[in-house]
S.K.: 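One structure, pasted below without further comment.
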Protein chains: 2
Amino acid sequence: MLGKDYPAQDCALARALEVVGERWTPLILRDAFYGVRRFSDFAAHLDIPRAVLSERLRHLVEAGVLERRPDPERPGRDAYELTPSGRELWPALHALMRWGVRFHATPGRTRRFVHAACDVALDERGLCTRCGAAPAPEDVLTFGPGRKPPREDAVSAALQAPRRLLQPLVLDRDPDEQSRTAPR
Amino acid sequence: MLGKDYPAQDCALARALEVVGERWTPLILRDAFYGVRRFSDFAAHLDIPRAVLSERLRHLVEAGVLERRPDPERPGRDAYELTPSGRELWPALHALMRWGVRFHATPGRTRRFVHAACDVALDERGLCTRCGAAPAPEDVLTFGPGRKPPREDAVSAALQAPRRLLQPLVLDRDPDEQSRTAPR
């Protein structure tokens, strides 16, 4: 099986891929930009083995991309948040999403990204198509295609409505479900 | 072992990752932007198992990101070139490189990207820091850090000098080495 490092590649892209290039990791980061912060919410939305999710989150925390901190709304539990360096991944993640929309996505099913101050879409470089600014993620509104999402988990449903990137996602949930968090 | 698809993720990013998210694929695309076109040159520079390289190239051709066509300089042999959709990956690839440079690369060892017309660096969105344009890859000059690269293959050496992105890389090579190309 292939490892996750590229020790013989002297290149900033290889270093970046060692941090964020593993399978599922870009989707975990996507969810973090959408405001997902809890292990149980990542697990519900991504539907991946919990051991894989744990390992990916741990690696992102070690690399300084996510921070694990006490969840202010759930005493004794933790939440994951993008660090300043993690937030700087927004241009790369947005550019790859745009490419996916343009060449490989299902028409009519794609998510929108809008500069909140101007209420117009971002271009493929993440610039506002009205004012030309490059909005930070917290100044970007996102919303789903509005139709019934194919996934029925609570996170997919909540992410259909317009919300700012990085705004913490808080769901009313079954307490049993909330208890399924990662071991410390 | 985890597969390469994300069938339950209704998201353009998941579709993009199914095409370009596999291990080594972003580095293959990086090399294609640097002008690498021959199987033997990808193999020398990336130093990966030839079966993995073959499989990744095949997948990129099937997905319309690379085109496999007869090499004009080597009758009977093929070369791989970025298609128009492949070239549109430049903003995403450049943004991820920039992030790697900023947070995870070795200082003094990073590659430069310059708008050829203005002779100044690109910013993190890939815009020219003088004229503000978003140059297409063929209008971007790139060069290595100038010191002796840690890798000693001919591709690494050739990529130290300034060259335009997408300009085909042609090396004088040992004919035996040239013959190690992929089976059709």
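Lettering follows sequence order; numbering is per chain, from 1. Just so it is clear, the structure is predicted and the values come from calculations on it, not from any experiment.
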S.K.: Mind ranking A:Val101, A:Leu89, A:Leu96, A:Thr110 by heavy-atom pairs under 4.5 Å with chain B and telling me who comes out on top?
M.R.: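 Option with the top pair count is A:Leu89.
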
S.K.: For the residue pair B:Phe33 and B:Trp90, does the interplanar ring angle fall in the parallel (under 30°), tilted (30 to 60°) or perpendicular (over 60°) class?
M.R.: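 Answer is tilted, since the angle falls between 30° and 60°.
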
S.K.: Do any N or O atoms from the side chain of B:Arg163 and from the backbone of B:Tyr34 form a donor-acceptor pair under 3.5 angstrom?
M.R.: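 Checking the backbone N and O of B:Tyr34 against the side chain of B:Arg163, a donor-acceptor pair under 3.5 Å is found.
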
S.K.: For A:Arg125, is it the side chain, the backbone, both or neither that has a heavy atom under 4.5 Å from a heavy atom of chain B?
M.R.: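 Interface part for A:Arg125: both.
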
S.K.: Which region of B:Ile48, side chain (C-beta onward) or backbone (N, CA, C, O), has a non-hydrogen atom less than 4.5 Å from a non-hydrogen atom of chain A, or is it both or neither?
M.R.: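 Interface part for B:Ile48: neither.
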
S.K.: Going from CD on B:Glu88 to CG on B:Leu93, what distance comes out if it is rounded to the nearest 0.5 angstrom?
M.R.: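 Interatomic distance, B:Glu88 CD to B:Leu93 CG, rounded to 0.5 Å: 13.0 Å.
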
S.K.: Have A:Asp31 and A:His45 got a donor and an acceptor in their side chains that come within less than 3.5 Å?
M.R.: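 A:Asp31 vs A:His45: donor-acceptor pair found between side chains.
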
S.K.: Look only at the side chain of B:Asp153 and the backbone of B:Val155, and say whether a donor-acceptor pair between them is shorter than 3.5 Å.
M.R.: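 Yes.
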
S.K.: Counting a contact as any heavy-atom pair under 4.5 Å apart, which residues of residues 129-142 of chain B contact chain A?
M.R.: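 Listed by number: B:Ala134, B:Pro135.
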
S.K.: When heavy-atom pairs shorter than 4.5 Å are enumerated against chain B, which of A:Gly100, A:Pro26, A:Ser85, A:Ala105 gives the highest number?
M.R.: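 Ranked by heavy-atom pairs under 4.5 Å with chain B, first place is A:Ser85.
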
S.K.: For B:Arg102, is it the side chain, the backbone, both or neither that has a heavy atom under 4.5 Å from a heavy atom of chain A?
M.R.: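 It is the side chain, since no backbone atom gets that close.
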
S.K.: Can you tell me which of B:Glu124, B:Met97, B:Glu18, B:Gln9 forms the most heavy-atom pairs within a distance under 4.5 Å of chain A?
M.R.: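 Looking at each option in turn, the highest pair count goes to B:Gln9.
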
S.K.: Kindly say whether B:Arg23 contributes a backbone atom to a donor-acceptor pair with the side chain of B:Arg56 at under 3.5 angstrom?
M.R.: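 Here the side-chain-to-backbone pair exists.
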
S.K.: Please check if B:Trp99 and B:Leu127 belong to a single hydrophobic cluster, counting links between Ile, Leu, Val, Met, Phe, Trp and Tyr side chain heavy atoms closer than 4.5 Å.
M.R.: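 Unlinked, B:Trp99 and B:Leu127 end up in two clusters.
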
S.K.: If you tally heavy-atom pairs under 4.5 Å against chain B, which of A:Arg98, A:Arg15, A:His94 wins?
M.R.: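 Between A:Arg98, A:Arg15, A:His94, the count favours A:Arg15.
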
S.K.: In plain terms, say whether A:Arg38 and A:Glu73 are close enough for a salt bridge, that is, a side-chain N and a carboxylate O under 4.0 Å apart.
M.R.: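 Here A:Arg38 pairs with A:Glu73 in a salt bridge, since their nearest N and O are under 4.0 Å apart.
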
S.K.: My understanding is that only residues two or more places apart in sequence, or in another chain, count here; which of them pass side-chain contact (heavy atoms from CB on, under 4.5 Å) with B:Arg37?
M.R.: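 By the side-chain contact (heavy atoms from CB on, under 4.5 Å) rule, B:Arg37 matches B:Asp71, B:Pro72, B:Ala79, B:Glu81, B:Pro168.
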
